[in-house]
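First up is the structure itself, then whatever we jot down about it.
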Amino acid sequence: MVDALGVAVVGFGWMGRVHTQAYARVRHHYPQLALRPELITVAEEVPGRAEEAAAQFGFASTARDWREVAADPRVRAVSITAPNFLHREIGVAMAEAGKHIWIEKPVGLGPGDARAVADAVAGAGVQGAVGFNYRNAPAVEAARDLIASGEIGRVTHVRIRLFSDYAAHPEGALTWRYERERGGSGVLGDLASHGADLARFLLGDIAALTADTAIFLPERARPAGATAGHSRATGGELGPVENEDYVSCLLRFASGARGVLEACRVSVGEQNNYGFEVHGTEGAVFWDFRRMNELGVSRGAGYQDQPVSTVHVGPGQGEFGAFQPGAGNAMGYDDLKVIEAYRFLRSVAEGVAYGATTADAVRSAVVLDAMARSAESGAWVGVGVAS
Ligand SMILES: NC(=O)c1ccc[n+]([C@@H]2O[C@H](COP(=O)([O-])OP(=O)(O)OC[C@H]3O[C@@H](n4cnc5c(N)ncnc54)[C@H](O)[C@@H]3O)[C@@H](O)[C@H]2O)c1
């Protein structure tokens, strides 16, 4: 028996569009889902943007103010895809109104915001899914299983990298992302949040860290009008970039493993160069987001000169089988969001959390906060395990 679930999207920029497309596609890939998402309403503050979204995707109504969504009894689940500074207010309000939420990372401006949303979700007894999409990649899940099985021995060290050029253009607009008040941190929240989640997903808790941050492009042009994603603002009046372009961080895991996490948003020549290298006493596993379904795996008893093989994940590994019939067929970024939608809707249907939750967002936010504090003090910082 398939029930309809009224869903809404708040903020129709890049992520709002991707969440909407995921709702539209999710039952194509997961016909067994007990819920059928029904696009009830889309809320946007930019005039015309919600109406365009409704015309394209078939939302039954539009709203200018997200509070209308909170008060709408037809809506039972909400995608919160607005800028970071709104996550706390909207997330708490939606949960308190009894709506399940699928909220984008990093969930607010810092650990206080993430905790407030997680507490509201727990208090209301609703589901709280979070957009840590990279852990949904079948190859990442396969890597986690491989590491947990002991096939690469005891993990000794890891490198996690998230390099991008999305902010590298000198005419890139001074959007909410570069302001403390609306974006919070810079590349920490934007990219390192994914890295912190991946680190924990693969290797468990981080115990301590030391970090360094830098702003490489200190001024950007103010946009003349509404922006979405990474717009340009050629010729606009210059304003200050308030948060970091770059972070490098040494990690000590609770397991004793060591790590390096590096993230940058202004790396010319790097397009979504996200990935990891995990090394163990008997092998290693390598992943690059741009070759999302491949793992480099070195295992055996060779130690020195031990070869690395390319393994293509296939049906039976993670959610690959919901998308392609055989290994070697490509999946894309948006498919990771379809997996996220599936896990969110399944959580709602069964009352059990599948996939990343607001509790995971708190863990990631605590790590990012420790990085920011370490970058300020220059010291190693202990990472308390959050509730
Ligand atoms: N998981 C990922 O890979 C990923 C990728 C990009 C962004 N994100 C996250 O998604 C969120 C949105 O990022 P984006 O790139 O889509 O940004 P964006 O700027 O493209 O979109 C944000 C949208 O929210 C709208 N908005 C602003 N204030 C609003 C309000 N009060 N009510 C309704 N709508 C409002 C804006 O007009 C805009 O259309 C951020 O938290 C970001 O960190 C996640």
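Read the numbers this way: they start at 1 and go in the same order the structure lists the ligands and their atoms. All values below come from the heavy atoms of this structure, side chains included, with hydrogens, waters and symmetry mates left out. Computed from a prediction, not measured in an experiment: that's the story for all the values here.
Salt bridge annotation for Asp369-Arg373: present, with a cationic side-chain nitrogen under 4.0 angstrom from a carboxylate oxygen. Using a 4.0 Å cut-off between a side-chain N of Lys or Arg and a carboxylate O of Asp or Glu, Glu282 and Arg154 do not qualify as a salt bridge. Salt-bridge check for Glu277 with Arg159: passed, with a basic side-chain N closer than 4.0 Å to an acidic carboxylate O.
Residue Ala82 approaches ligand 1 through these ligand atoms, each under 4.0 Å from one of its heavy atoms: 11 (C), 12 (C), 24 (O), 40 (C), 41 (O). Listed by number with element, the atoms of ligand 1 under 4.0 Å from a non-hydrogen atom of His194 are 1 (N), 2 (C), 3 (O). The Val46 neighbourhood of ligand 1 comprises atoms 37 (O), with distances under 4.0 Å to a heavy atom of that residue. The contact set between ligand 1 and Phe12, taken as ligand atoms under 4.0 Å from a residue heavy atom, comprises 39 (O). Remark: ligand 1 atoms within the under-4.0 Å shell around heavy atoms of Pro106 are 43 (O). Listed by atom number, the atoms of ligand 1 under 4.0 Å from Gly131 heavy atoms are 1 (N). Using a 4.0 Å cut-off to heavy atoms of Tyr333, the atoms of ligand 1 that qualify are 1 (N), 2 (C), 3 (O), 4 (C), 5 (C). Remark: ligand 1 atoms within the under-4.0 Å shell around heavy atoms of Leu86 are 28 (N), 29 (C), 30 (C), 31 (N).
Looking at Gly13, Pro83, Ala63, Gly184, it is Pro83 that brings a heavy atom closest to atom 24 (O) of ligand 1.
Phe289 and Tyr333 have perpendicular rings, their planes meeting at more than 60° on a 0 to 90° scale where under 30° would count as parallel. Below 30°, between 30° and 60°, or above 60°: for Phe216 and Tyr246 the angle between ring planes is between 30° and 60°, a tilted geometry.
Here's the thing with Met15: one of its N/O atoms is less than 3.5 angstrom from an N/O atom of ligand 1. Polar contact with ligand 1: absent for Arg64 (N/O pair, distance under 3.5 Å). Some N or O of Trp176 is nearer than 3.5 Å to an N or O of ligand 1, by distance alone.
If you look at Phe286 and Phe276, their ring centroids are not closer than 6.0 Å. Ring centroid separation for the pair His19 and Phe57 does not come in under the 6.0 Å cut-off.
Heavy atoms of Arg177 found under 4.0 angstrom from ligand 1 belong exclusively to the side chain. Residue contacts with ligand 1, taken as heavy atom pairs separated by less than 4.0 Å, involve Lys337 solely via side-chain atoms from C-beta onward.
Every residue meeting the salt bridge (charged side-chain N to carboxylate O under 4.0 Å, His left out) condition with Asp190, not counting sequence neighbours, appears here in chain and number order: Lys105, Arg177.
Residues His87 and Gly108 approach most closely at ND1-N, 2.9 Å, considering heavy atoms.
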